[in-house]
Every structure is written in C-alpha cells, then in structure tokens.
Amino acid sequence: MRFSSVVWAPLFVLSTVAAYTPASTANTDQLAADGLSNLATWAADGNLNGSCTLENAAVRREWGNLTNTERQNYTNAVLCLMALPAKTDATLVPGAKTRYDDFLYQHINQTLTIHQTANFLSWHRWFVYTYEQALRNECGYTGYQPVSLVSQPCAMPYLTTPSTAADPLDSPIFDGGDYSMSGNGVYEAHNCTEALPTDLNCIPAGQGGGCIYSGPFKNSTVHLGPVDATLAESGIVDNNGTSYNPRCLKRDVSSWVSTRWSTEENSTTLLTENSDIASFQDTMQGNFTLGEYGVHGAGHFTIGGDPGGDIYTSPGDPMFWLHHGQIDRTWWIWQNQDIANRQNAISGTITMFNSPASRNGTLEDMLYLGVNADGIAIKDVMSTVEGPLCYIYM
Ligand SMILES: *[C@@H]1O[C@H](CO)[C@@H](O)[C@H](O)[C@H]1NC(C)=O
Ligand SMILES: *[C@@H]1O[C@H](CO)[C@@H](O)[C@H](O)[C@H]1NC(C)=O
Ligand SMILES: *[C@@H]1O[C@H](CO)[C@@H](O)[C@H](O)[C@H]1NC(C)=O
Ligand SMILES: *[C@@H]1O[C@H](CO)[C@@H](O)[C@H](O)[C@H]1NC(C)=O
Ligand SMILES: *[C@@H]1O[C@H](CO)[C@@H](O)[C@H](O)[C@H]1NC(C)=O
Ligand SMILES: *[C@@H]1O[C@H](CO)[C@@H](O)[C@H](O)[C@H]1NC(C)=O
Ligand SMILES: *[C@@H]1O[C@H](CO)[C@@H](O)[C@H](O)[C@H]1NC(C)=O
Ligand SMILES: *[C@@H]1O[C@H](CO)[C@@H](O)[C@H](O)[C@H]1NC(C)=O
Ligand SMILES: *[C@@H]1O[C@H](CO)[C@@H](O)[C@H](O)[C@H]1NC(C)=O
Ligand SMILES: *[C@@H]1O[C@H](CO)[C@@H](O)[C@H](O)[C@H]1NC(C)=O
Ligand SMILES: [Cu+2]
C-alpha cells in the first residue's frame, strides 16, 4: 500500500494566525515528504516488525503549525517538569533540583562522549524522546497523539529552524508573548561570543545578552553549569556542572548566525550533498577548524546566551528541544531517502573529535540517561518506527 494522500490532507489546512511570514522550507519539506513515502513503502514491504505502524505513530509537528492552545499545552508541560523534584542523587549532583535538571545533568555529564562521536545523532534522538515521555507521563502533556487522532493537540513540536532564520526575533516563537517560547534576553552590554574553541567567527553581540523577562519562561532560574560559558564578560563563571549555581536564563538571539548557517539552502545542501553518514554528521555539526557552525551549531548559537551558548549546558534553555527535534528530523529525512542503506549507518569513535583516541562506535553500544531511562542499544533507536520508538515528523 502506498501512502495515501487522503490520510494526510487534513494536516495542511492547519494554519497560524500570526502575521509573520516564515521563509519557505519547500525543498526540505519535499525531501521529508519523499522520505515519508519511502517509509510507507518500507512498512508495506513488511519491515516494521513491532506494534508501531505509520497509522498509530505519534506525529511531531512544526511549531509554526500549532495553535496557540497547543503551544501553551507544551510550554505548560515544560514548566511543570521544571517544578517537579529531581530524581538524581543529591549527594552526587547537589545542583540538580528538578526533573528538568535530571535531563540537563545527563547532557552536562556526557558532553565529551555524545558530540562529534558515533552516537551523536542516536544519543540526542533518545534524549529528546525520553524528555517527551516525561512531559507526557509526568506532566499531562497530551500532545503525544497518533495520526488517527491528529485533530487532537499536537505531538512534541520541533522548529524548522530555516523557516525563521532570516528574522528569528520577529517570529512568533521568540516574540515573548504567552504563546511563544519566550523572547530574547533584555539588552546587556557584552562582547562578541567566542563560540568556537578555535576563536574563529566570534559572533557579534546581538540585541539581548541579559535575562528573559517575557513569555512562558520569564524569570526562569537555571540551576546547573555553565561548564564552558560564552558570556564570560557578563560575570558568568564556569562551574563543574554538579554544584548549585542559580541564575537567570539569558539569551542573545542571533540572526548573524542563523542567516549564515541555518538557512533552507544550508538544510537542503546538507541533505542532498552528503550521501554517507560520516560526511552528513560532520557537515551537520560543522567544522571548528574552518569556523563553520553547521546547522547543528547554528541552531544553538542562534539562541546563544547562558546556558544556550554552552555546549555542555545548552539543554538548560527550553529552546534546545525544539532545535534538537529539527536535528532529529533532519537525520530522519536523510535516513528515509535510502532506508535500506542509511537506516543503520554509523561512523565515528566514542570520544569527541576522537580525542583522546578511541575505538569506533558500534550499533551495539549503549546509550545512558541516568535516572531518566533504562540504557538502550544504539541499534534500537536507529529507526523511529521499529523497536521501542514510534513517531514520525509531519
Ligand atoms: C507547516 O508545516 C509544513 C510542513 O512542514 C511547512 O511547509 C509549513 O511551512 C508549516 N507552516 C508554518 C506556518 O510554519
Ligand atoms: C493539555 O491539554 C489537555 C487537553 O485540553 C489538558 O487535559 C492538559 O491538562 C493540558 N496539559 C497541560 C500541561 O497544559
Ligand atoms: C569587551 O572586551 C574588552 C577587552 O577584553 C573589555 O575591556 C570590555 O570591558 C568588554 N566589554 C564588555 C561589555 O564586557
Ligand atoms: C521577573 O523579574 C523582574 C526583574 O527582576 C521583576 O521585576 C518581576 O517582578 C519578575 N516577575 C515575576 C513574575 O517574578
Ligand atoms: C563542584 O564544585 C563545588 C563548588 O565549588 C564543590 O563543592 C564540589 O566538590 C565540586 N564537585 C566536583 C565533583 O568536583
Ligand atoms: C548557508 O546559506 C547561506 C544563505 O542561503 C549561504 O550564503 C551560505 O553560503 C550557506 N553556507 C553553507 C556552508 O552552505
Ligand atoms: C575540517 O576541515 C579541515 C580543513 O579542510 C579538514 O582537514 C578537517 O578534516 C575537517 N574536520 C572535520 C571534523 O570535518
Ligand atoms: C573505524 O572506522 C573507520 C571509518 O569508518 C575505518 O576506516 C577504520 O578501519 C575503523 N577502525 C577499526 C579499528 O575498525
Ligand atoms: C556521570 O558520568 C559517568 C561516566 O562518565 C558515570 O559513571 C556517572 O554515573 C555519571 N553520573 C551520574 C550522576 O549519572
Ligand atoms: C525490530 O527491529 C529492530 C531493528 O532491527 C530491533 O531493534 C527490535 O528489537 C525489533 N523488534 C522486535 C519486536 O523484534
Ligand atoms: Cu548535545
């Protein structure tokens, strides 16, 4: 059975009331649609071995396509997670105060073995999925719905970063209203952001840099990190990542970054010009030697600030999850172009930039998230519809 267009048609009548015109993401969306069609053929050929089907898979939808109510349902659930008590052992990590911190801490603790490594894409896929489960199971987030119930509130959203790349600050996601992900930080004088260890491409100071006083996450307190701060001149000092270091959430939204490395052109080039997993994941993560951010780094430094600009502590800004939803979607689109050859493709070692030198990662390697989930083998998350995962992107 081919994928029936009738089933999906209602999705495209959803619209947003905002006047902001997002940039076209037509080329990437076409690749996504082609990939979904391939996935339907793959499923029809009997490759889905479990209970997940394309009909009962949860649908992750684009932020711009959510209603205001759906957006608030999501941000309310995130605020809930930020208010629930931590499960992490306080004697090991005294700074982890909330369930949100349980997730943040795992990223801090594992940063050097989950970036520029063989497990970069799979670890972050499992991380976002586990967070989505916590929102759903512990915080009443109802967005996790199968296709057959797609008129219900949305699934875990993602942001098609290229759609807002030309002008992120004017987009509804950063406008600071009740239905946004909160706005920019207030202006606070700061120097350019030394985002790469190579000191290349110091990001010019934007209009923010200070605390966030608008939208759902106004006056949020970050408890952990930063471990490698990027607003050091604002008096933010590095921390070992375990102690309690309460401070306001800061952003410095940067169109300078997004217009250079996070555009629709950058997304389609990444997807169409990298047929092996090594070049795909390296291009996505950027080349620090050349001062290239790639769409992954660019999404982070479009948010910037503290902790958004810190590779260790970046999940402390709730925008992290929408950006990584898009990173995961981009991998999903890439895999779906040639499922037989790409679904289980893996490359790289188990240490960041292979430093110190280490063995190659394998599909049998485990992914760990501490108190948040049981360990799982990489091979079990290579597909979003085989094994325990069951979601697709629309
Ligand atoms: C809704 O999603 C579709 C498919 O990804 C995308 O083409 C469209 O731009 C989105 N609409 C908005 C308002 O972002
Ligand atoms: C999300 O919406 C559903 C349905 O209206 C509601 O039952 C649930 O409490 C909401 N959750 C949050 C976190 O707002
Ligand atoms: C920027 O850096 C210069 C040189 O290190 C320093 O003198 C200045 O105070 C900094 N400006 C701000 C706003 O931090
Ligand atoms: C947020 O912080 C600002 C500045 O400190 C303060 O004026 C405001 O009352 C705070 N708002 C809330 C809701 O705590
Ligand atoms: C982290 O820093 C805090 C405060 O300086 C210190 O008490 C703690 O022992 C440090 N923890 C580790 C694991 O280094
Ligand atoms: C990213 O896109 C921008 C604008 O479309 C373009 O100028 C730039 O060369 C692209 N960068 C890469 C690395 O492809
Ligand atoms: C970055 O680019 C340099 C120069 O072209 C190249 O030697 C290096 O292998 C690249 N590094 C990565 C991680 O792609
Ligand atoms: C590790 O992977 C690289 C690239 O795929 C390959 O050239 C190399 O032989 C592998 N090393 C081992 C020890 O298998
Ligand atoms: C932090 O990571 C190390 C491995 O690098 C692990 O042994 C330890 O259990 C982790 N700490 C927590 C609290 O998860
Ligand atoms: C289905 O296949 C996936 C991928 O090979 C595997 O990880 C999973 O365990 C299988 N599930 C079942 C129920 O056999
Ligand atoms: Cu990360």
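Atoms within each ligand, like the ligands themselves, are counted from 1 in listed order. All residue numbers refer to positions in the sequence shown, counting from 1.
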TODO: Could you tell me the residue and atom name of the protein heavy atom closest to atom 11 (N) of ligand 8, and the distance to it rounded to 0.1 Å?
DONE: Asn360 ND2, 2.9 Å
- [ ] Could you tell me the residue and atom name of the protein heavy atom closest to atom 5 (O) of ligand 8, and the distance to it rounded to 0.1 Å?
- [x] Ser347 OG, 4.6 Å
Open item on the list: Evaluate Asp380 against Arg125 for salt bridge (charged side-chain N to carboxylate O under 4.0 Å, His left out), listing each step before the verdict.
Closed with: CA-CA 11 Å; Asp380 289 332; Arg125 171 173 283 175; over 6 Å; no
TODO: State the atoms of ligand 2, each with its element, that fall below the 4.0 Å cut-off from a heavy-atom position in Cys139.
DONE: 13 (C)
Open item on the list: Does any N or O of ligand 2 fall below 3.5 Å from an N or O anywhere on Ala77, backbone included?
Closed with: no
Task: Quiz item: cation-pi between Arg60 and Tyr391, 6.0 Å / 45° - done: yes
Open item on the list: Measuring only between side-chain heavy atoms, which start at C-beta, is Phe280 closer than 4.5 Å to Arg342?
Closed with: no
Open item on the list: Is there a side-chain contact between Ile350 and Asn119 in this structure, where contact means two heavy atoms from C-beta onward sitting under 4.5 Å apart?
Closed with: no
TODO: Indicate whether atom 9 (O) of ligand 8 is within a distance of less than 4.0 angstrom of some protein heavy atom.
DONE: no
- [ ] Could you tell me whether atom 3 (C) of ligand 8 has a protein heavy atom closer than 4.0 Å?
- [x] yes
Task: Residue selection (non-hydrogen contact nearest atom 1 (C) of ligand 5) among Asn240, Thr242, Asn245 - done: Asn240
Task: Identified side-chain contact (heavy atoms from CB on, under 4.5 Å) partner of Arg251 from the options Val186, Ile303, Thr302 - done: Ile303
Task: Given Asn372, Leu367, Asp374, the one that forms side-chain contact (heavy atoms from CB on, under 4.5 Å) with Thr130 - done: Asn372
